[in-house]
Amino acid sequence: MSITEELHNGTNDGSQIDLVGLSRSEMEAVFDEIGLPRFRVKQVWHWIYHHGVREFSEMTTIAKELQPKLAAGFMISRPGVTTEKTSTDGTRKWLLNFSDGKMAETVHIPEEDRGAVCISSQVGCTLTCKFCHTGTQRMVRNLSSAEIVGQFMLARDSYRAWPSSKEPRQLTNVVMMGMGEPLYNYENVAKALRIITDEEGINISRRRITLSTAGVAPLIPKVGKELGVQLAISLHAVHDDLRDEIVPINKKYPIAELLDACRSYPKAKNSRRITFEYVMLKGVNDTPADARELVRLIRGIPAKINLIPFNPWPGAPYDCSTNDDIAVFAGIINRAGYSSPVRTPRGRDILAACGQLKTASERERKHI
Ligand code: SAH
């Protein structure tokens with residue numbers, strides 16, 4: 001099968017091929033097939049990912065006669081936006097709709113001198129972590145590489161932050177911490193991250209990209225070897241019996257196995273510490289004994305512990321720990337030599353904070 005047919009799912013129906021989300025070598029193969037020389041890939045790639053253009057007619061280094069030919073065969077997509085909301089603290093959330101009507105959310109979290117785009121990897125999530133709103137939504141599907149990289153591009157569009165060389169300060173970091181488990185959609189996430197880090201395009205450095213996993217231990221070495229991005233682990237409990245209950249993937253990959261994978265994560269040195277996320281649940285995982293056990297567990301791993309005050313959502317079965325309990329917990333970790341910032345919740349008023357993302361996809365499915 002030719003690459004063009006493959007990209008049309010085996011039936012070349014003549015519809016346009018989306019260039020967004022193709023790897024460089026795929027784009028080369030597609031252009032080869034229609035007889036375009038390699039340097040065209042370089043040019044088009046630069047227009048799409050450096051300048052952020054969406055029309056071939058804006059690609060001024062491409063011959064005028066060639067532009068309409070490209071436009072007839074290809075498109076440069078973005079996810080559709082159903083709603084865009086901005087929180088009182090500046091956090092922005094987009095509810096996206098994809099070509100099949102499925103939905104997911106992207107969040108932008110601005111800070112003083114930088115900003116992170118929090119990207120979803122799946123529509124919904126299969127992990128059913130008990131404190132997470134997304135986990136109460138039925139998993140619908142994996143996002144494609146175009147849909148993943150498209151979320152970042154959309155944020156750039158929204159802040160008029162093209163071209164990439166402007167070094168837009170609002171969009172310096174990427175966190176794979178939106179809806180879904182990125183390591184259950186490894187191939188598409190990897191492809192999207194390779195595009196995001198490509199130096200002739202978006203060019204975000206690997207150290208400014210964090211991939212968060214609830215603990216798909218066997219894939220962690222691959223992330224280190226193939227992607228080399230910063231790793232975050234959603235730990236949340238220090239005993240297997242509790243973690244089995246609140247992060248059920250623990251039954252498959254228990255704490256010891258997960259931490260072994262972290263120990264051998266390459267480049268885990270001070271500049272590339274592993275982040276452990278720990279949601280503070282009142283009366284569940286927030287005692288001083290838990291904090292001491294956490295310190296014991298991660299001994300030997302260059303780490304930072306993000307304490308996340310539990311973000312409530314309608315019907316959630318937990319409360320957030322008290323400020324005093326969080327401070328005591330943080331103090332114990334801190335005295336053991338680890339940085340343990342308490343994350344200020346962002347965008348709570350628009351349900352954009354950690355664990356609050358949930359789209360109407362499920363409800364809509366039921367209505368069909
Ligand atoms: N599936 C991946 C990516 C999602 S990251 C993972 O679990 O790491 C989203 C982060 O928000 C995770 O650390 C998750 O555990 C945390 N989180 C989920 N629900 C939360 C809530 N209600 N309050 C605070 N943090 C929450």
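Starting from 1, each residue takes its place in the sequence as its number. Read the numbers this way: they start at 1 and go in the same order the structure lists the ligands and their atoms. Predicted, not measured: the structure shown is a model, and the values here were computed from it.
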Asker: I'd like to know if Lys251 pairs up with Asp240 as an ion pair, taking the criterion as any Lys NZ or Arg NE/NH1/NH2 lying under 4.0 Å from an Asp or Glu carboxylate oxygen.
Answerer: no
Asker: Is the closest heavy atom of Ser121 to ligand 1 under 4.0 Å?
Answerer: no
Asker: Which of the listed options, Cys354, Cys125, Ala316, holds the heavy atom that is closest to atom 24 (C) of ligand 1?
Answerer: Cys354
Asker: Need the ligand 1 atom indices (1-based, order shown) with element for anything under 4.0 Å from a heavy-atom of Val279.
Answerer: 23 (N), 24 (C), 25 (N)
Asker: Looking at Arg263 and Asp260, does any basic side-chain N land under 4.0 Å from a carboxylate oxygen?
Answerer: yes
Asker: Enumerate the atoms of ligand 1 whose separation from the nearest heavy atom of His236 is less than 4.0 angstrom.
Answerer: 13 (O), 14 (C), 15 (O)
Asker: With heavy atoms under 4.0 Å as the rule, classify the contact between Glu277 and ligand 1 as side chain, backbone, both or neither.
Answerer: side chain
Asker: To which protein heavy atom is atom 19 (N) of ligand 1 closest, and what is the distance rounded to 0.1 Å?
Answerer: Gly355 CA, 2.9 Å
Asker: Pick from Asp290, Ile308, Ile333: which one makes a side chain to side chain contact (heavy atoms under 4.5 Å, CB included) with Tyr278?
Answerer: Asp290
Asker: Say whether Phe131, considering both its backbone and side-chain N or O atoms, lies within less than 3.5 Å of an N or O atom on ligand 1.
Answerer: yes
Asker: Between Phe131 and His236, how do the two ring planes meet: parallel, tilted or perpendicular, split at 30° and 60°?
Answerer: perpendicular
Asker: Where do Val223 and Tyr186 land on the side chain to side chain contact (heavy atoms under 4.5 Å, CB included) test, with the steps shown first?
Answerer: CA-CA 9 Å; Val223 175; Tyr186 181 83; 3.9 Å; yes
Asker: Going by the closest heavy atom to atom 23 (N) of ligand 1, which one wins out of Val216, Leu357, Asn311?
Answerer: Asn311
Asker: Quick one: sort the His46 and His50 rings into parallel, tilted or perpendicular, breaks at 30° and 60°.
Answerer: parallel
Asker: If the plane angle is over 60° it's perpendicular, under 30° parallel, otherwise tilted; pick one for Trp94 and His108.
Answerer: tilted
Asker: Which residue holds the protein heavy atom closest to atom 12 (C) of ligand 1, what is that atom called, and what is the gap in Å?
Answerer: Ser234 OG, 3.2 Å
Asker: Which bit of Thr134 gets closer than 4.0 Å to ligand 1, counting heavy atoms only: side chain, backbone, both or neither?
Answerer: neither
Asker: So if I count the atoms of ligand 1 from 1 in the order they appear, which ones are less than 4.0 Å from some heavy atom of Ile308?
Answerer: 24 (C), 25 (N)
Asker: If you measure from atom 1 (N) of ligand 1 to every heavy atom of Gly215, Gly180, Ala214, which option wins on shortest distance?
Answerer: Gly180
Asker: Give me the nearest non-hydrogen protein atom to atom 9 (C) of ligand 1 as residue plus atom name, then the distance to 0.1 Å.
Answerer: Met177 O, 3.5 Å
Asker: Determine whether any heavy atom of Tyr318 lies closer than 4.0 Å to an atom of ligand 1.
Answerer: no
Asker: Looking at Trp313, which atoms of ligand 1 are within less than 4.0 Å of one of its heavy atoms?
Answerer: 22 (N)
Asker: Relative to each other, are the rings of Trp313 and His133 parallel, tilted or perpendicular (30° and 60° limits)?
Answerer: parallel
Asker: Under the side-chain hydrogen bond (donor to acceptor under 3.5 Å, both in side chains) test against Glu147, which residue among Arg78, Gln122, Arg141, Lys102 passes?
Answerer: Arg141
Asker: Applying the 4.5 Å side-chain criterion to the ILVMFWY set and letting contacts propagate, would Val342 and Met177 be lumped into a single cluster?
Answerer: no
Asker: Using a strict cut-off of 4.0 Å, indicate which atoms of ligand 1 neighbour a heavy atom of Gly178.
Answerer: 4 (C)
